[in-house]
Amino acid sequence: MREKVIIFTGAGVSAESGLRTFRDMGGYWRQYRLEDVASPAGWKASPEAVLSFYNERRKAVLEASPNAAHRALAALEEFFEVVVVTQNIDDLHERAGSSNVIHVHGEILKARSTADGSLVYPLTTPELALGDRCELGSQLRPDVVWFGEHVRFIDEAARHFADATKILAIGTSLSVYPAAALVDEARYSAEKYLVAPEAESVPYGYRFIRGNAASVVPHVVKCWSEGRKPC
Ligand code: APR
């Protein structure tokens, strides 16, 4: 049986692919009020503002490419059973070749019916507009989880964390719950790391590796693939 590794990612893993994070300098929440563009109340008040916010982000995702961190994580599957649990709504993990990715906050390249949440459609162009409708005739919305909405696959993700012998958290400020609480589901005996250029707090039992994902993650992957602990 292959050893199980959990990769837990946030916006920082895609920063070197040119995608903005949320809370860093230049982050989205420094420019936008999250209530206005990422909440049910914001959607009710101005669906145009919400659609335009995600159209801008979708365009950036379609123009971006996976970086060395995404690619190294995909390559790790040669040696371990790897599950990527991501807070990101981009598809860079999948484009890099990761085969088992769980999106707890949804996916920006999909649209969802506002009448029936089980009706989900792939998006191939950046633009989702007012008047774009599902087969029931209701307005389509981005298939993402807004603040105050139910986060997906959280129990399944927690089970994966509890099963793993190695955990690598990358590029997340661990400030949004319930996703941030997943790090505490890990076994005491598991090898656990947090990778970021800075961290306000490091979860109990995790070793902090200061640095950017595209340079640190390939090193961690190399060490693990050679049966060593990252040094
Ligand atoms: N490599 C690694 N980490 C990085 C890099 C990089 N190149 N650049 C920035 N970081 C780190 C920052 O230090 C910070 O800790 O990435 C983290 C980004 O934090 P946030 O902007 O808060 O993003 P995230 O943790 O993914 O946010 C969680 O909040 O806004 C919601 O739904 C959204 O999924 C998101 C959730």
Side-chain angles (χ1 to χ4, degrees), residues 6-43 50 53-54 56-58 60-61 64-73 84-93 96 101-110 112 141-154 157 167-184 192-203 206-221 230:
I6 298 296
I7 308 295
F8 182 50
T9 61
V13 78
S14 298
E16 290 156 279
S17 295
L19 300 184
R20 293 163 67 180
T21 65
F22 298 94
R23 295 170 185 82
D24 296 314
M25 291 308 282
Y28 282 112
W29 303 148
R30 303 271 180 136
Q31 180 187 358
Y32 296 92
R33 281 170 22 98
L34 60 88
E35 300 85 343
D36 296 343
V37 293
S39 76
W43 174 255
V50 174
F53 173 67
Y54 286 99
E56 176 201 323
R57 293 182 59 191
R58 194 173 302 109
V61 168
S65 301
N67 61 53
H70 297 107
R71 293 194 295 275
L73 295 169
V84 176
V85 176
T86 187
Q87 299 167 86
N88 299 344
I89 59 177
D90 66 55
D91 66 337
L92 297 183
H93 284 299
V101 183
I102 298 174
H103 287 269
V104 294
H105 290 160
E107 299 180 64
I108 199 167
L109 295 181
K110 294 179 180 171
R112 187 166 89 224
R141 55 163 281 179
D143 186 32
V144 298
V145 176
W146 289 328
F147 287 88
E149 291 190 318
H150 189 67
V151 171
R152 301 172 184 177
F153 316 120
I154 211 77
I167 312 264
L168 183 58
I170 309 163
T172 177
S173 60
L174 297 171
S175 51
V176 171
Y177 288 77
L182 285 169
V183 293
D184 301 323
K192 304 181 278 284
Y193 304 90
L194 172 65
V195 174
E198 57 192 22
E200 257 167 46
S201 65
V202 178
Y206 284 69
R207 201 184 111 205
F208 179 52
I209 306 179
R210 185 182 299 279
N212 288 338
S215 42
V216 172
V217 172
H219 168 70
V220 173
V221 166

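Ligands are counted one by one from 1 in listed order, and the atoms in each one are counted from 1 as well. Only this structure's heavy atoms are used, side chains among them; waters, hydrogens and symmetry mates stay out.
For ligand 1 and Gln87, the ligand atoms under 4.0 Å from any heavy atom of the residue are 28 (C), 34 (O). Near Ala196, meaning under 4.0 Å from any of its heavy atoms, are these atoms of ligand 1: 3 (N). Atoms of ligand 1 lying under 4.0 Å from any heavy atom of Ala213, numbered from 1 in the order shown and given with element: 1 (N), 2 (C), 6 (C). Every atom of ligand 1 is numbered from 1 in the order shown, and the set under 4.0 Å from a heavy atom of Thr21 is 21 (O). For ligand 1, the atoms lying closer than 4.0 Å to a non-hydrogen atom of Phe147 are 30 (O), 31 (C). Contact atoms of ligand 1 toward Gly10: 26 (O) (distance under 4.0 Å to a heavy atom of the residue). Close approach to Glu198 involves these atoms of ligand 1, each under 4.0 Å from a residue heavy atom: 13 (O), 15 (O). Set against the non-hydrogen atoms of Asp24, the atoms of ligand 1 under 4.0 Å away are 9 (C), 12 (C), 13 (O), 14 (C), 18 (C).
Distance alone, capped at 3.5 Å, places no donor-acceptor pair between the Arg71 side chain and the His93 backbone. Under a 3.5 Å cut-off, the side chain of Arg30 and the backbone N or O of Arg23 do form a donor-acceptor pair. In this structure a side-chain-to-backbone donor-acceptor pair under 3.5 Å is missing from Arg58 to Leu109.
If you look at Tyr32 and Phe53, their ring centroids are closer than 6.0 Å. Between Trp43 and Phe147, the ring center distance fails the sub-6.0 Å criterion.
One finds a salt bridge joining Arg20 and Glu56 here, because a Lys/Arg side-chain nitrogen approaches an Asp/Glu carboxylate oxygen to under 4.0 Å. Look at Glu149 and Arg141 and you find a salt bridge, because one of the NZ, NE, NH1 or NH2 atoms lies within 4.0 Å of a carboxylate O, short of that distance. Looking at Arg152 and Asp143, a side-chain N of the basic residue comes within less than 4.0 Å of a carboxylate O on the acidic one, giving a salt bridge.
Looking at Trp29 against ligand 1, only its side chain comes within 4.0 Å, counting heavy atoms.
Protein heavy atom in closest approach to atom 6 (C) of ligand 1: Gly12 O, 3.3 Å. Among protein heavy atoms, atom 8 (N) of ligand 1 sits closest to Ala15 CB, 3.8 Å. Considering only non-hydrogen protein atoms, atom 22 (O) of ligand 1 sits nearest to Ser173 OG, 2.5 Å.
Annotation: Val176 places no N or O atom under 3.5 Å from an N or O atom of ligand 1; distance criterion only. Annotation: Asn88 places no N or O atom under 3.5 Å from an N or O atom of ligand 1; distance criterion only. Residue contacts with ligand 1: Ala11 is placed with a nitrogen or oxygen under 3.5 Å of a nitrogen or oxygen of the ligand (distance criterion only). For ligand 1, the polar-atom distance check finds no N/O of Val13 at less than 3.5 Å from any of the ligand's N/O atoms.
In this structure, Pro197 is part of the shell of residues with a heavy atom less than 4.0 angstrom from ligand 1. Under a 4.0 angstrom heavy-atom cut-off, Ile170 registers as lying outside contact with ligand 1.
Nearest-residue assignment for atom 31 (C) of ligand 1 (options Glu16, Arg23, His105; heavy-atom criterion): Arg23. Proximity annotation for atom 35 (C) of ligand 1: of Phe8, Trp146, Phe22, Phe22 comes nearest, heavy atoms only.
Contact check for Ile154 versus Tyr177: no side-chain heavy atoms found under the 4.5 Å cut-off. With contacts defined as side-chain heavy-atom distances shorter than 4.5 Å, the pair Ile7/Ile167 does not qualify.
For the 3.5 Å distance criterion, the side chains of Asn212 and Ser215 fail to qualify, holding no donor opposite an acceptor. Side-chain atoms of Gln87 and Thr172 include a donor-acceptor pair closer than 3.5 Å.
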